[in-house]
There are 2 protein chains.
Amino acid sequence: MSNAYNRPDQLSPELRRRVLETARRLGYPGPDPVARSLRTRKAGAVGLLLTENLSYAFRDPAAVGFLEGLSLACEEAGQGLLLVPANPEREDVAAVHRAGVDGFVVYSVPDDDPHLAAVLERPVPTVVCDQPDVDSVDRVGIDDREAIAAVARHLIELGHRRIGVVCMRLARDRNDGFVSVQRQREAHFHVQRARLAALADTFGAVGVEWTNVPVVERFDHTIASGATAAGQLLDRDPDLTAIICTSDILGLGALNEAHRRGLRVPQDLTVTGFDGITEAERAGLTTVRQPVLEKGRAAGRLLMDNADHGRPRTVTLDTELVIGTTAAAPKPVDQWYGP
Amino acid sequence: MSNAYNRPDQLSPELRRRVLETARRLGYPGPDPVARSLRTRKAGAVGLLLTENLSYAFRDPAAVGFLEGLSLACEEAGQGLLLVPANPEREDVAAVHRAGVDGFVVYSVPDDDPHLAAVLERPVPTVVCDQPDVDSVDRVGIDDREAIAAVARHLIELGHRRIGVVCMRLARDRNDGFVSVQRQREAHFHVQRARLAALADTFGAVGVEWTNVPVVERFDHTIASGATAAGQLLDRDPDLTAIICTSDILGLGALNEAHRRGLRVPQDLTVTGFDGITEAERAGLTTVRQPVLEKGRAAGRLLMDNADHGRPRTVTLDTELVIGTTAAAPKPVDQWYGP
DNA sequence: ATGAAAGCGCTAACAG
DNA sequence: CTGTTAGCGCTTTCAT
């Protein structure tokens, strides 16, 4: 009977037909997938853990791109994709425990997130992407330091020395405002930490004292947040010649705020982003393009490719500096004040 | 032991702590979610079936909106969301059988899709959204006939009589080109069928012979498809004064094609869409706004709201005609030729 | 508070 | 080709 459903080749087509028909007549709804999974030890699905509310994944274009890539890989392998409802507000890890999956992909999660810990305790393979800085687990990402250093070098060449930074959340607690150097260094989001460190190094190398560089953090990753963050920077230091944002979404917000204040971009203010989302390229934002779709696909393939790897594998994807129309040399007057 | 994990209240905290610690020391990874699901008869997840390749769901803004709403509802209920990899090319229904879920949401699927049939055979509740025209199952959608009739009336008032239509795929077979009235009537995608029928009725009421109205179908739902479809219409009948598209994506393509041909919109050609996606509203497309996010949320809530309903429930959401800048009265010269 | 046992529905292995 | 059986890991019930 089981064979009729699972091994069409093991019995005659005629018999199979008869069995199936009888089963249907008896109201048998087909094999229970859960019982089957228990027996075969295969759930046929990949779990995805995000730090944000589930719905956020569909609002952030970069996350959507990642999901598209991941779903592509799942489709190739005939696996389902289970979005795990891990609300970051609550510490409720139960959803991770309840997920019937053969493996996890963890995307954009702080390294001290209890959900991440719960995933790592599960006896299934895991691939982390971007944020978590976890040992002994497969990982896919980009070279965040080098990627944003390219932006920094570009601005340095243009002559910018008086800069401000807008970054995404650095830890699980909400901290909308200026960020101490200590908080930067202790950031639990690996990507943000790496980008800030690289900016500090690169600008430090040309004599910019990083402790004097204002960095503003935003918990919510929205265009509106980017705008208020840029406003905060400009309020404190109206002489900034450039605002570096660690994401395009924030960068688009900074652009809006500049326009709102009557600042011309790039004549009066340079703005940069990070990610290379469509909206940003359309706005001409100078940014770093990263292959978000490829990241998702690579993560999925790594997970599904069951070559039992002795040591954790790492996939590092390429990025590209995109010169848009939002960065230019600072106005001469600014350079007279400069260091 | 089971109690230690599931009923913290049934035993002393001290004991619980001890049990858990011992378990961990023994390398026990926590209760197996699949075995638990088998026993409790709850998978803790909702399955989503789409007719397209999984990854398509992340490329179409309307689908993304639907997913956002659905994930919102899942999150509320603490349920996971399992994207079922149902490749429409293959007839492989196994993925539906393997899905360990407590219910299904079916979105944008033709009424003769074998995946849909497989879902309906599973002994779990199901909610269909938009496309499938299935009896005795909960449904959420909009009044497609009335929604597009509003567009038709608007164009009629403006004076358009010589129109063409671009629609999405009408059945599972690829048919990129003009559509016979019969194929329109037999369309397996309920939404497309309803919209075409409403257009026929509304224009028919003012004396436009529907058999003379060219309708072009596209299998792929992309901007590029919309462009070539519009081109096909204009090639056959350069005197068209308006092109009605059954989606914004197609409408954006039609807009592109018009520009490419040097046709001014709306002076030389009127173009309309359907959905109300952001990109369309930004382009000023005259369209019908439908609450895609609400549709997803409503579908999820309907599914999760376990009030055992005697009869199937239906949720019909409101739509709104959005007057953009892509529709205007046809040029006088056209009217001279008109019927 | 703890232990023992039944059984969820299936698949894989083996005997006929 | 067909029928029988053990057991996947859990939760629940009942007995101690």
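We name chains A, B, ... by the order of the sequence lines, and we start the count at 1 in each one. Below, each value reflects all heavy atoms present in this structure, side chains not excepted, and no hydrogens, waters or symmetry copies.
Contact check on D220(A) versus R174(A) returns a salt bridge, with a Lys/Arg side-chain nitrogen under 4.0 Å from an Asp/Glu carboxylate oxygen. Between D32(B) and R39(B) there is no salt bridge, since none of the side-chain N atoms of the basic residue sits less than 4.0 Å from a carboxylate O of the acidic one. The pair E68(A)-R297(A) fails the salt-bridge criterion, with no side-chain N (NZ, NE, NH1 or NH2) lying under 4.0 Å from an Asp/Glu carboxylate O.
Of the candidates D144(A), D130(A), D111(A), D111(A) is the only one forming a salt bridge (Lys or Arg N to Asp or Glu O under 4.0 Å) with R193(A).
Rounding to the nearest 0.5 Å gives a distance of 8.0 Å between OH of Y107(A) and CD of Q131(A). Atom CZ of R301(A) and atom CD of E76(A) lie 4.0 Å apart (nearest 0.5 Å).
In the region residues 93-103 of chain A, proximity to DNA chain D at under 4.0 angstrom, judged on heavy atoms, holds for none of the residues.
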task = Evaluate the side chain to side chain contact (heavy atoms under 4.5 Å, CB included) criterion for residues Q290(A) and V292(A): first the C-alpha distance (whole Å), next the side-chain angles of each, then the deciding distance (0.1 Å), finally the verdict.
result = CA-CA 6 Å; Q290(A) 63 168 322; V292(A) 285; 4.1 Å; yes
Under 4.0 Å protein heavy-atom contact, by nucleotide of nucleotides 6-12 of chain C - B base, S sugar-phosphate only = BBBBBBS
